[in-house]
Q: 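Take this structure, written in structure tokens, and hold onto it; I'll ask about it next.
Keep in mind that the numbers below use all heavy atoms, side chains included, and drop hydrogens, waters and symmetry copies. To find a chain, count down the sequence lines: A is the first, B the second, and so on, and within it residues start at 1.
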2 protein chains.
Amino acid sequence: MSTLNHQTIRKAIRERIESGEWLPGATIPGEVDLAAEYGCSRTTVNRAMQNLADDGLIERKRRAGTRVKEIPTRQTTFKIPIVRHEIEASGASYRPHILERETIKAPNHIAARLHLKKDAKLFHLVTAHLGDGRVHAVEDRWVNLSAAPDIIKAPLNEISANEWLIRKVPYSSGDVIFSASAAAAREAEAFETKIGSALFTIDRTTWLDDVYITTMTLRYRPGYNLQSRL
Amino acid sequence: MSTLNHQTIRKAIRERIESGEWLPGATIPGEVDLAAEYGCSRTTVNRAMQNLADDGLIERKRRAGTRVKEIPTRQTTFKIPIVRHEIEASGASYRPHILERETIKAPNHIAARLHLKKDAKLFHLVTAHLGDGRVHAVEDRWVNLSAAPDIIKAPLNEISANEWLIRKVPYSSGDVIFSASAAAAREAEAFETKIGSALFTIDRTTWLDDVYITTMTLRYRPGYNLQSRL
DNA sequence: CAGTGGTCTAGACCACGTG
DNA sequence: ACGTGGTCTAGACCACTGG
């Protein structure tokens, strides 16, 4: 038998859908039939189909069978960039530069984001991420000191708070929000642009189980974009 | 035996990593050992591990085994929104409003994006997407008329060009670019804001095999954001 | 309640890349 | 060379849900 792996079958079925053989909304043959047609086990077909479902191309329901989606869920996976990697990938040398650093009581909106009482002590850090001396992004970060007290002693001139946190409080989960925001005075100065310029912005809050660790806003230099394949 | 599915094992292993039992860079036990430990078949462990690898938490190599990633690849999947769905999800009623419509020779930068000769005829459409009469987003789209000639006859006052295209030229692949851009006069007027306001922007080009179909820029009203779980 | 997808198992062979 | 992950198979049972 030739090479009939699940990827081959996945591709074959994808092409049959794209060619119009099975139109949007149509029910496609069951796993048993497809297995017979392709001469492989149902397990293999099942795997191929589950992948296609993950891709958003088909919908599967027990008893009802598998259908081609009316409107395919276009989705795309973005790797959340690590600023140092972005900068180094362009050939420049990375350096974090601390613009502001303090330990204070949480402002209300930050306390809310981190699910803390409003008088909790937080570590506040504003960092410019430099690539060959030019500002690539400005990061405004708040860290929950009960979750990561040692950050006060971290050498944040050498390693960014982000990477330090990854090592100390690894593998938390989190929220990400992509948006556009206007440059405030601080960003305008850092990026050598005008106040109000459009900046690509990522907000990120991370936690481990029910302990909220950190929230930050990352504003990129004008012209920055995130690219992906659909 | 209790319920030991691949998801349970996936979760268990994830927790062992997050707890620090296996540190970043460490090699974790082979599939055979884990299968023995959890009392299930290797197939099941394999599936759990492949999922964790997809999540970017571990790295797997034949012969070398499975390691915890030094810096986990944080990645997140965004569903590319269909504007009509976004609007209707908020309870408003959707209506596309055509601002501009023409059939002309492609400007150079658009021809380049679509890999066409610069004198190719293109369909150009600017649409305001309305939710209860308010502009939610402005779409600037170019369609390759040799790929989708019938779009000229489509009832674009009722169905958006996007959804029409999905039906007629389904399941193409594409590029997506997220960025921030400044409102030009047209957007400023549509959104009742000032020229230069920061707008969240999605650029998208789609094709089927080697035929480029359409490219568009979608600018969202000020304050819009895209959210996801990390 | 019956048919479909979801999952598990035990065993097998293969492909890759490290040591 | 050989140990690890990648995959396939055949068969089985289960869970969900539509008719």
Q: What residue pairs, at least two apart or across chains, pass ring-ring contact (aromatic ring centres under 6.0 Å, His included) with a residue in residues 132-159 of chain B?
A: B:His124-B:Trp142, B:His136-B:Tyr220, B:His136-B:Tyr224
Q: Just say parallel, tilted or perpendicular for the rings of B:Trp207 and B:Tyr212, cut-offs at 30° and 60°.
A: tilted
Q: Does the distance from a Lys or Arg side-chain N to an Asp or Glu carboxylate O, for B:Arg60 and B:Glu31, drop under 4.0 Å?
A: yes
Q: Please tabulate, one pair per line, each protein N/O and nucleotide N/O from nucleotides 3-6 of chain D that are separated by under 3.5 Å, including the distance.
A:
| residue | atom | partner | partner atom | Å |
| --- | --- | --- | --- | --- |
| D:dG3 | O4' | B:Arg63 | NH1 | 3.3 |
| D:dT4 | O2 | B:Arg63 | N | 3.2 |
| D:dG5 | OP1 | B:Thr66 | OG1 | 3.3 |
| D:dG5 | OP2 | B:Glu31 | N | 3.2 |
| D:dG5 | N2 | B:Arg62 | NH2 | 3.4 |
| D:dG6 | OP2 | B:Arg60 | NH1 | 2.3 |
| D:dG6 | O4' | B:Arg62 | NH2 | 2.9 |
| D:dG6 | O6 | B:Arg42 | NH2 | 2.5 |

Q: For the residue pair B:Asp132 and B:Ser93, confirm or rule out a side-chain donor-acceptor distance under 3.5 Å.
A: yes
Q: Quick one: do the A:Asn46 and A:Gln50 side chains pair a donor with an acceptor below 3.5 Å?
A: yes
Q: When you check the phosphate oxygens OP1 and OP2 of D:dT9, does a side-chain N or O of A:Thr44 lie under 4.0 Å from one of them?
A: yes
Q: Measure from CG on A:Asn5 to P on C:dC16 and round the result to the nearest Å.
A: 12 Å
Q: Rounded to whole angstrom units, what separation is found between the CZ atom of B:Arg10 and the P atom of C:dT7?
A: 11 Å
Q: Could you tell me if A:Ser173 and B:Arg229 have a donor-acceptor pair between their side chains, going purely by distance under 3.5 Å?
A: no
Q: Rounded to whole angstrom units, what separation is found between the CD1 atom of A:Ile9 and the P atom of D:dT7?
A: 13 Å
